[in-house]
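Below is one structure; the comments refer to it alone.
Numbers here are sequence positions counted from 1. Just so you know, ligand 1 is whichever comes first in the structure, and atom 1 is the first atom listed for that ligand.
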Amino acid sequence: MNNYINMLTVKKTIYCALCCMLCLNLSNAQGNKLKVVDLKCEYATNPIGLDIQSPRLNWRIESGQRGIIQSSYQIIVSNSMEKLSQDTADVWDSGKIKASNSTGIFYNGRELSSRQRFFWKVRIWTNNNHVSEWSEPAFFETGLLNKEDWISDWITYVPGIPGRVLYFKATFNKEKPVKQARAYISGLGFYEMQINKRKVGDQFLEPAQSTYRKRIYYSTYDITDYLSEDSNVVLVSVAPGWYGIPSLWLQIEVTYLDGSVRWITSNDMRHVTTGPVIYSTIFDGESYDARLAVPDLYKPGVPSGLMNKDWAWAHNTDDPGDNLISQIVEPIKVVDTIVPTIITEPAPGIYVVDAGRNLAGWAALKVTGKEGTKISLKFAEFCYENGLVNQENLRNAKAEDTYILNGKGVETWHPSFTYHGFRYIQVEGFPYRPQSGDITVHVVRSAVAHTGKFTCSNKLLNNIHQMIVNTESSNLHSVPTDCPQRDERMGWLNDLTVRIEQAIYNFDMSRFYPKFIDDVEDTQDEDGSITCVAPFRFGMRPADPVSASYLLLAWKCYEFYGDERIIREHYAGMKAWVDFLNSRTENGIVNYSYYGDWCPPEAFGEPSHTAISKYTPGKMISTGYLFYCSKIISKMAQIIGNPKDEEYYKHLAENISKAFNNAYWDEQAGGYASNNQASNSFALYMGLVDENNIPRVVTNLFEDVKKHDYHLTTGNLCTKYLMEILTEYGYAEAAYKIATQTTYPGWGYMLANGATTLWERWEYATGDAMNSHNHPMMGSVDSWFYKYVLGIKPELDYPGFQKFIIRPFIIKELDFAEGELNTVKGLIKTAWKKQGNILTIDVTVPDNTTAKIFVPAKNMKNITESGKKIGKAIGVVFLHEENGLAVLEVGSGNYHFKTEI
Ligand code: BGC
């Protein structure tokens, strides 16, 4: 009997195994190329130190096939790799969920415990009934989730001089073999941790800036590999940074192989001293005395007792803020290295190094010389005629680093707690003429990934694009700064209103912007007011009403990354800001403005302050933004399911629109305010123009552009609206002419005058005023390249690129344009090319998305895709014809369209 049962079991097992193999083979045969890749948690790859209970998960699909849409997915989460590889979902099994969404999926398993790694994978089913293999595994690790996890205190040592860097030290013995170790750390203003003389991580200027009393970021490091010694030395140097008094908070958790845990906290780090970084401030620079990098600093223990003259005893301090948050935004890193080759000697022994372009970062030295030799490095954006650097426009920032040699062979150094905006470095005190490689330049910024590419047949546009990418890249330092060089470097919200898109097309801002909107919200008062810059260190409260960037941060993250949580989390704050602006209206007109359409060409500015527009009323701009924000918040209310607010703000927008038109519409002229470029393009962009009046306003706008010989007269904000509105209303060629001007004012003019990054003013100016030469606020033309020349646009109603638009404007003077955008769904590519009257358009549409493609054609019937007439081409659906364009819908895949124009 037993044998019989055994036989049966064996047969059953073989049968099952065969079935499984068959199934697998089938699914392999069908979906062999179908892959789930690029798993992310909270928009990061394998993050550690997460401090949220419901992290969100994303993935992408790769099939290499046309028309693939995810129909269902399954996620499993385990608490070990072994279990995950056996498909044992002991933490969460989502089950098979019918949904096409592959971004922002909330983890919904059992409650997450602190300081634990969770492994996960995904498989998907598609609209053509294929099932993928399980993805490669990914993980996320939690940080400190519960009150009990916080066992450390803040420590500091107050006596000292401003700008002094403090070194906190602990030595601990490894008692048993180590399984793993984590450091949870924050140090204000900036910290750097070394273990056994080795820098932990490759990030700088940590933590990310914030309003410290409201939130402070801590980071989590896997330091298992650092504990190489029996007696391990932890040394944390802390610079004043934006905080002022170097203060440290730290918890190290060492887990031994036997499961026991040892904690080292700031309380164990009370030995404090000064060290080789003798001085460091953000504006003025850093001084390093290599003679002070004494062995005692790095050796276990402190030399002789506690309170000797070299070592002091750090004490506790009031918490700078009691809200420690795990840092998820990308840290600041060295993202590029330049080896300058042009080194001049404008005066004996004074050398000037040219980095080749303007940037944000620092210089790294390699030098040999006598002990005590002092080298100074002065940073600047330009030089005087005599070849020496001109630092006038840095205002109060000294921007100078110094290094004192210890004389022990080849010495290398770069600063750690400061950075500069510069192209030129004046080197003094170098013991000999520096050779190429003795001074290298490090480009330093928040390490957000590049996502976009743009090129076309006109080199000038390519150079403008590069200039703007350089500028954005110089101004991402955990906040989107206005400039990297002078005594400012603030997150100005007015500039950001038009900057958001130029950055989001070029960089992955999916973590950066949610971090920055927190900074904005941290400035908010009970009356709903926010401040001009965030964190609030400069400017005014309340912020200028042009700070629609507050809402746009959330709006664009929703549109580009499918991030709905950001809307929910910040809805109350954003609404309070709209209400605040509304409370500042008189007869529907917002009653204040500071900047308005800031920095138009000088002749269009007020004589008393040329940065303020003479012809574009500030209050008109303020009111227009109240209208714009009311519309956005109404749509946000709809998204989060709040019909009452949706209606209320829709109504508010209507009222503001009426007031706006009463106050600024000039019936006789057929335009707004002074009927200038800024006022008319602004009103059109915001949607404030009565439909019947649109043709007149557009004509007037175009006439004004013509009158100025296709030059703009706009400031930071309305330049964006001018370019987009001209294009949208049939004047793409005029917008192109503006973009390609090489005479004043324009981007080509900047390039013609040697710019490698954007200027703050349309004029070339170098004196001690508002003359930054690395200022992103004038760069919105770059989003015009992506949105109109390449034609890549997300569809707001299908956030996260579930659906998007490809509508290139085929500019007469251009022979081709091509580019790409790496989205949360995958890579979108577009390339168009003219040959005689034949136009080809190549488009790559990522899996799990649908694109609407606008193809211009003389004759709709002659359009082909990969040689086949539309209608015969697989996966191409002709939707309708619109003003000489065929509107087609396609799913994932590569498409090659050919058409006669
Ligand atoms: C900043 C600008 C900002 C302006 C507003 C300047 O100092 O650099 O970018 O728009 O202030 O007043």
ask   = Is the shortest heavy-atom distance from the side chain of M723 to the side chain of Y788 under 4.5 Å?
value = no
inquiry  = Over 60° means perpendicular and under 30° means parallel, so tell me whether F785 and F454 are parallel, tilted or perpendicular.
reply    = parallel
task = Using heavy atoms and a cut-off under 4.0 Å, could you grab the residues that are in contact with ligand 1, chain by chain, numbers ascending?
result = D482, R486, E488, W492, N494, D495, Y595, W598, E760, H775, M777
With sequence neighbours left out, what residues match [X] under ring-ring contact (aromatic ring centres under 6.0 Å, His included)?
X: F536; value: none
X: Y649; value: none
X: Y672; value: F660, W665

request  = Please confirm whether the backbone N or O of A534 pairs with a side-chain atom of T523, one donor and one acceptor, at under 3.5 Å?
outcome  = no
